[in-house]
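Working notes, beginning with the structure itself.
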Number of protein chains: 2
Amino acid sequence: MASTVQLTSVLKTLADPTRRAVFERIAREGEVAATYLVQGSKVSQPAVSQHLRALRDAGLVAERREGRHIHYRVAPKGLGPLLDWLGHYQTFWAERFENLEKLLKESE
Amino acid sequence: MASTVQLTSVLKTLADPTRRAVFERIAREGEVAATYLVQGSKVSQPAVSQHLRALRDAGLVAERREGRHIHYRVAPKGLGPLLDWLGHYQTFWAERFENLEKLLKESE
DNA sequence: CATTAATATAAGCAATTGCTTATATATTTT
DNA sequence: AAAATATATAAGCAATTGCTTATATTAATG
């Protein structure tokens, strides 16, 4: 029953393009250490660190410490509040939804 | 092929709770004149007007003038960039996606 | 233990945001 | 045309945001 607060935090967190790019890279690569996210990012190490904190606080990523590296991965439930919310607007995107449906079937 | 810019604007626009509440009310009520959105909103008329402008600029609502009233309705394609983007993360929410799938089928 | 490496925190700053009040622009009504 | 109604715009302001540089913390290594 994802609260408004959670949904707001997910949306705000994903709304920043730099931060969203970090999220997308984590999603693509599976598990990435922060250092590697800093390499290949336009912004500084502290900036990346702050984005990672925001992503974690929003429940969008989880972390696993391994020595002095911290590996980030996408938290499967993180997008939950957003998906729940979108569920209420199915009537507005039913068509597109069926496209996704097709994609999903093809991918298995 | 919804650009990053469009996605960012959709996310930013929906991220504000007051503005999202306006959008939700338009969605629920089908077509609503701005005046009625002002009534029942915590914020002032100009604030609502600014939110409506933001929603329109993001492509989330469309308007229809009728005399001195302007009626707002949800723009079906508005959520497109968001849905397209989510399509890339199916693997992370496939399960939840199937729930939505079920709901969709029940609703027709 | 001292140094290096990985990450986080602090402080400061310019830009953006969301609101307000005041005023402008339509449009209808009298 | 004047008054009333519906909506938009302008200007200003406090709060938030995303970044920076500088410094701390945590962990591995020589």
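All figures in this text were calculated on a predicted structure; none of them were measured in a lab. A note on names: the letters A, B, ... follow the listed sequences, proteins ahead of strands, and every chain is numbered from 1.
A/R20 contributes a side-chain N or O that, together with a main-chain N or O of A/L14, makes up a donor-acceptor pair within less than 3.5 Å. A/T13 contributes a side-chain N or O that, together with a main-chain N or O of A/S9, makes up a donor-acceptor pair within less than 3.5 Å. Here the side chain of B/R53 pairs no donor or acceptor atom with the backbone of B/L55 at under 3.5 angstrom. Judged purely by atom type and a 3.5 angstrom limit, B/R19 has no side-chain atom pairing as donor or acceptor with the backbone of B/A21. A side-chain donor-acceptor contact under 3.5 Å links B/R25 to the backbone of B/Y36.
When heavy atoms are screened at a 4.0 angstrom cut-off, A/Y36 is found touching no nucleic acid atom at all.
Distance A/H69 NE2 to C/dA6 C1': 7 Å, rounded to the nearest Å. Protein atom CZ of A/R53 is 14 Å distant from nucleotide atom C1' of D/dT17, rounded to whole Å. Atom NE2 of B/H71 is separated from atom C1' of D/dA6 by 11 Å (rounded to the nearest Å). Remark: C1' of C/dA6 and CG of A/L52 are 12 Å apart, rounded to the nearest angstrom. Remark: P of D/dT5 and CD1 of B/I70 are 18 Å apart, rounded to the nearest angstrom. Spacing between atom CG of B/D57 and atom P of C/dT17 amounts to 12 Å, rounded to whole angstrom units.
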Give me, pair by pair, the N or O atoms of the protein and of nucleotides 18-22 of chain C that are less than 3.5 Å apart, along with how far apart they are.
| unit_1 | atom_1 | unit_2 | atom_2 | d |
| --- | --- | --- | --- | --- |
| C/dG18 | OP1 | B/R19 | NH2 | 3.4 |
| C/dG18 | OP2 | B/R19 | NH1 | 3.2 |
| C/dG18 | OP2 | B/R19 | NH2 | 3.2 |
| C/dC19 | OP1 | B/T18 | OG1 | 3.1 |
| C/dC19 | OP2 | B/H51 | NE2 | 2.1 |
| C/dT20 | OP2 | B/S44 | N | 3.0 |
| C/dT20 | OP2 | B/S44 | OG | 2.7 |
| C/dT20 | O4 | B/Q50 | NE2 | 3.1 |

Just the table, please: protein N/O against nucleotides 26-30 of chain D N/O, every pair under 3.5 Å.
none

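Residues passing the side chain to side chain donor-acceptor pair (under 3.5 Å) test with B/E63 are B/R56, B/Y72, sequence neighbours excluded.
At least one side-chain heavy atom of B/L52 sits under 4.5 Å from a side-chain heavy atom of B/I26.
Using bins of under 30°, 30° to 60° and over 60° for the plane-to-plane angle, the ring pair A/F23/B/W85 lands in the tilted bin.
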